[in-house]
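The structure appears right after this line, and notes come after that.
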Amino acid sequence: MLPDPPELRGPVVVLRPLRADDAGAIVTHCQDPEIGRWTTVPYPYGRSDADAFLNSGEWALGICDAGTNALAGCIGVMGSPAGESACEVGYWVGSAMRRRGLATAALGTLTGWLVGTCGLGRVELLILPGNTASEGVATAAGFTRAGRARGRRVPGAVLWVFTAAADVTSERTAAVPGGGGDRF
Ligand SMILES: CC(C)(COP(=O)(O)OP(=O)(O)OC[C@H]1O[C@@H](n2cnc3c(N)ncnc32)[C@H](O)[C@@H]1OP(=O)(O)O)[C@@H](O)C(=O)NCCC(=O)NCCS
């Protein structure tokens, strides 16, 4: 069981709990079919989808540009597939805000918090074949490709994992917000 979504600050991104007034920005970003193509976010996407998401109780954080505070995307924790010591993370960033390192910083920061503060041993991603952008994010944030994910929430996806090995945890968690952020 995770704590409530926190606010995590770093030099590149601020991750913060979502608010009802984020609905407009979420609807704008989710007009991009690439988000629906690679995630379980619906497409086409309207205001009722955003309101349902914001009222769903899903564990999610807004990804905000640390320079402007603008909401650039969302990152969420999907559950604990392998018991209490593991969870799955998913994310998207709006097309106008891409290629600035925001997703990598968001994934690194959240993973650092999940491992360093919450004590999880493993963080997982399910990435569909062909999603080179997300593979780039996973690689940049220190995840490793672990092979086909069978019987999981996203059929056909490839499993990527970050494991909290003792030799890297201390270095990576030193960059967790409160201790630096972003670089992970
Ligand atoms: C995947 C996604 C979140 C990446 O967001 P982003 O903020 O642009 O990612 P970053 O800027 O952190 O990119 C990190 C690296 O990933 C790789 N990458 C990112 N986008 C890429 C693209 N379109 N093509 C190829 N490589 C890409 C690059 O290596 C990049 O580093 P670089 O810009 O220094 O070359 C965004 O494209 C997105 O929301 N896509 C649709 C939804 C989705 O696929 N979600 C993930 C589901 S598993």
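We count ligands from 1, going down the list as the structure has it; atoms in each ligand are counted the same way.
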- Name all pairs fulfilling the salt bridge (Lys or Arg N to Asp or Glu O under 4.0 Å) condition that reach into residues 156-165, sequence neighbours left out, sorted by first residue then second. none
- Among all protein non-hydrogen atoms, which one is nearest to atom 11 (O) of ligand 1, and what is the separation to 0.1 Å? Gly101 N, 2.8 Å
- Message: I'd like to check whether Asn131 has a polar contact with ligand 1, where a contact means an N/O of the residue lying under 3.5 Å from an N/O of the ligand.
- Response: yes
- So which protein heavy atom does atom 4 (C) of ligand 1 come closest to, and at what separation? Val137 CG2, 3.6 Å
- Message: Applying a strict under-4.5 Å side-chain criterion to I, L, V, M, F, W and Y, I'd like to know whether Val161 and Val154 cluster together.
- Response: yes
- Message: Measuring from atom 39 (O) of ligand 1, which candidate in Ile127, Val154, Val93, Val12 has the nearest non-hydrogen atom?
- Response: Val93
- Region of Glu135 that comes within reach of ligand 1 [heavy atoms, distance under 4.0 Å]: neither
- Message: Looking at Trp59 and Pro3, would you say the former's side chain and the latter's main chain have a donor-acceptor pair under 3.5 Å?
- Response: yes
- Item | Minimum-distance protein heavy atom relative to atom 41 (C) of ligand 1 | Glu34 O, 3.7 Å
- Message: List ligand 1 atoms under 4.0 Å from Trp38, heavy atoms only on the residue side.
- Response: 43 (C), 44 (O), 47 (C)
- Near Thr104 (heavy-atom distance under 4.0 Å), the atoms of ligand 1 are 10 (P), 12 (O), 13 (O), 14 (C)
- Looking at atom 48 (S) of ligand 1, is any protein heavy atom nearer than 4.0 Å to it? yes
- Leu126 neighbourhood, listing ligand 1 atoms whose heavy-atom distance to it stays under 4.0 Å: 48 (S)
- Common cluster, Leu2/Leu18, ILVMFWY with side-chain heavy-atom separation under 4.5 Å: no
- Just heavy atoms, cut-off under 4.0 Å: does Ala140 contact ligand 1 by side chain, backbone, both, or neither? neither
- Query: Linking I/L/V/M/F/W/Y whenever any side-chain heavy atoms sit under 4.5 Å apart, do Val93 and Val77 land together?
  - Reply: yes
- Item | Tyr91 with Phe143, same ILVMFWY side-chain cluster at under 4.5 Å | yes
- Indicate, as side chain, backbone, both or neither, the part of Thr39 found under 4.0 angstrom from ligand 1 when only non-hydrogen atoms are considered. side chain
- Numbering the atoms of ligand 1 from 1, which are under 4.0 Å from a heavy atom of Arg100? 11 (O)
- Query: Out of curiosity, does Leu102 fall in the hydrophobic cluster containing Ile26 (side-chain heavy atoms, cut-off under 4.5 Å, transitive links)?
  - Reply: no
- Query: Judged by atom type as modelled, is there a donor-acceptor pair below 3.5 Å linking the side chain of Glu7 to the main-chain atoms of Pro17?
  - Reply: no
- Query: Quick one: does Glu34's side chain get under 4.5 Å of Ser95's, heavy atoms only?
  - Reply: no
- Message: To check you understand the geometry: which heavy-atom pair defines the closest contact between Val137 and Leu107, and what is its length?
- Response: CG1-CD2, 4.0 Å
- Do protein heavy atoms approach atom 20 (N) of ligand 1 to less than 4.0 Å? yes
- Closest non-hydrogen atom pair between Gly62 and Leu71, with its separation: CA-CD1, 3.5 Å
- Nearest heavy atom to atom 26 (N) of ligand 1, choosing from Arg99, Arg98, Met97, belongs to Arg99
- Query: Which atoms of ligand 1 sit under 4.0 Å from any heavy atom of Gly136?
  - Reply: 15 (C), 16 (O), 17 (C)
- Tell me which one of Tyr91, Trp92, Trp160 gets a heavy atom nearest to atom 45 (N) of ligand 1. Tyr91
- Shortest protein heavy-atom distance from atom 7 (O) of ligand 1, along with the residue and atom involved: Ala103 N, 3.1 Å
